[in-house]
Amino acid sequence: FLSQLYQVVRRSIILFGLGLFGNNGRNVYTWRIPGVLQRFGVSYLVCALTELATSYLYQIDKPFVPKHRYLVFIHDLTNNWVQWIIMVTFTFLWLMITFLLPLGINCPTGYLGPGGISEGGKYFNCTGGAAGKIDNWLLTPNHIYRRPTAQAMYHTGPYDPEGILGTLTSIVLCFLGVQCGRILTSYQSHKERIGRFLFWGVILGAIATGLCEGKQNEGLIPINKNLWSLSFILVMASFAFFLFSLFYVLCDVVHVWNGSPFRFPGMNSILVYVSSDIFYNYFPFMWAEQGNSHLNYLSANIVAVVLWILLSYYWYKIDFFVKI
């Protein structure tokens, strides 16, 4: 247990540290603290610690085999019911904070909009609602993202899409990935596995559709990546289950594809991500200037993806892998 705990904590610290390094904090007074790898590190830490801690409550290494035929359908749930309770708790915590936390003067409780000059500037300093307020209170505007996507259109202040509150829903999304793996270990036949993948894809997609009321930018909980809203993570998980079922069929059932060339970046995912984060603004990975057309940006990014795949393949051929 202690060895596994050490590995989990070590990997999480490295991920968080790499994220801070990628934020290029030349000035400690304005060093951005949140980030993508930081979010990965925290989400991985919580999910891994949950798995380790609950392993003492029931034997995960010897999965529970349901005796009643009706329990077979939820075999992948009976083996991790404690984890589900924890993740549902995180979900309710996100909902309570998002919709019940007082946001101060001129910011209505439960606000989820962009703030700034939207709605005539009525909620100018309310960008992101509770998510934005928590980051401003705890991290201060000096240590969060200073150029959010909403700024160009709504002239907002700093707002971090990888902030503190969204970490709760990121953890839930990470756990849904664990659930996908649990299906592989709980069911042995292709039919059972594919059926479960599709089942979860439909259920999660239906819940997300209900939360956003089938609308693009509206509904009770809009699909919003900057907020990492509940509907957003459920939509992402839904598509992930559908795509995983497709790739599972292609790679493991009919054997018509082995995942190439995309499996090569996957073998060196941390190296590729950190390298692309460092060199994203350098030629030949980027040449489009600000104000260029979408076609220019698209062309530049397609070339960048191809180059990173080629580099990944080269690292694979020379047996060079970076692991944490």
**OP:** Can you see which heavy atom on Cys126 is nearest to which on Asn106, and at what distance?
**Re:** SG-O, 3.4 Å

Original post:
Between His190 and Tyr248, does the ring centre distance come in under 6.0 Å?
Top reply: yes

Original post:
Which pair of non-hydrogen atoms, one from Leu220 and one from Glu213, has the smallest distance, and what is that distance?
Top reply: N-OE2, 3.5 Å

**OP:** Anything under 30° is parallel, anything over 60° is perpendicular, the rest tilted; go ahead and classify Phe175 against Trp84.
**Re:** perpendicular

Original post:
How are the rings of Trp257 and Phe262 set relative to one another: parallel (under 30°), tilted (30 to 60°) or perpendicular (over 60°)?
Top reply: perpendicular

Original post:
Does any N or O in the side chain of Asn23 come within less than 3.5 Å of the main-chain N or O of Leu18, such that one atom is a donor and the other an acceptor?
Top reply: no

**OP:** Determine the minimum heavy-atom distance between Ile97 and Leu101, stating which atoms define it.
**Re:** O-CB, 3.1 Å

**OP:** Please answer whether the main-chain N or O of Val272 pairs with a side-chain N or O of Trp315 as donor and acceptor at a distance below 3.5 Å.
**Re:** no

**OP:** Ignoring hydrogens and angles, tell me if any N or O in the side chain of Asn224 forms a donor-acceptor pair with the backbone of Ser229 under 3.5 Å.
**Re:** no

Subject >> Intermediate values then yes/no, side-chain hydrogen bond (donor to acceptor under 3.5 Å, both in side chains), Gln179 and Asn80 >> reply: CA-CA 9 Å; Gln179 177 65 24; Asn80 60 339; 3.1 Å; yes

Original post:
With no hydrogens and no angle check, is any side-chain donor or acceptor of Arg32 less than 3.5 Å from a backbone partner on Ile144?
Top reply: no

Subject >> Phe1, CZ: over 12 other non-hydrogen atoms inside 6.0 angstrom >> reply: yes

Original post:
According to a 4.5 Å side-chain heavy-atom criterion applied to Ile, Leu, Val, Met, Phe, Trp and Tyr, with indirect links allowed, do Ile318 and Trp308 form part of one hydrophobic cluster?
Top reply: yes

Original post:
So Trp228 and Phe232, would you call those rings parallel, tilted or perpendicular, with 30° and 60° as cut-offs?
Top reply: perpendicular

**OP:** Measure from the side-chain N and O atoms of His255 to the backbone N and O of Cys251, and report whether any donor-acceptor pair falls under 3.5 Å.
**Re:** yes

**OP:** Indicate yes or no for a side-chain donor-acceptor contact from Ser186 to the backbone of Ile183 under 3.5 Å, with no hydrogens or angles considered.
**Re:** no

Original post:
Between the side chains of Thr149 and Asn226, is a donor N or O closer than 3.5 angstrom to an acceptor N or O?
Top reply: yes

Subject >> Main-chain N/O of Tyr297 paired with Asn301 side-chain donor or acceptor, under 3.5 Å >> reply: yes

Original post:
Going through the distances and angles, do His155 and Phe124 end up as a ring-ring contact (aromatic ring centres under 6.0 Å, His included)?
Top reply: CA-CA 9 Å; His155 305 289; Phe124 190 85; 8.6 Å; no

Original post:
So, the side chain of Arg146 versus the backbone of Pro141: is there a donor-acceptor pair under 3.5 Å, distance only?
Top reply: yes

Subject >> Sub-4.5 Å side-chain heavy-atom contact between Asp277 and Phe279 >> reply: no

Subject >> Distance-only donor-acceptor check, side chains Asn142 and Thr140, under 3.5 Å >> reply: no

**OP:** Take atom OH of Tyr44 as the centre, draw a 6.0 Å sphere, and report whether it contains more than 12 heavy atoms from other residues, nucleotides or ligands.
**Re:** yes

Subject >> Single hit among Val202, Leu243, Leu184 for side-chain contact (heavy atoms from CB on, under 4.5 Å) with Phe197 >> reply: Leu184

Original post:
Which heavy atom in Asn125 sits nearest to a heavy atom in Lys133, and how many Å separate them?
Top reply: O-NZ, 3.2 Å

**OP:** Could you check Cys47 against Cys174 for disulfide bond (SG atoms under 2.5 Å apart), going step by step and ending with a plain yes or no?
**Re:** CA-CA 7 Å; Cys47 286; Cys174 183; 3.7 Å; no

Original post:
When Ile, Leu, Val, Met, Phe, Trp and Tyr are grouped by side-chain heavy atoms lying under 4.5 Å apart, directly or through other members, which residues fall in the same group as Tyr316?
Top reply: Phe264, Met267, Tyr313, Phe321

Original post:
Any side-chain donor paired with an acceptor under 3.5 Å for Arg182 and Thr185?
Top reply: no

Original post:
Heavy-atom distance under 4.5 Å between the side chains of Ile221 and Leu95, does that happen here?
Top reply: yes

**OP:** Mark yes or no for whether Ser118, through its side chain, and Pro114, through its backbone, hold a donor-acceptor pair below 3.5 Å.
**Re:** no

**OP:** Would you please indicate yes or no on a ring centroid separation below 6.0 angstrom for Tyr159 and Tyr145?
**Re:** no

Subject >> Backbone of Ile33 reached by a side-chain donor or acceptor of Gln38 within 3.5 Å >> reply: yes

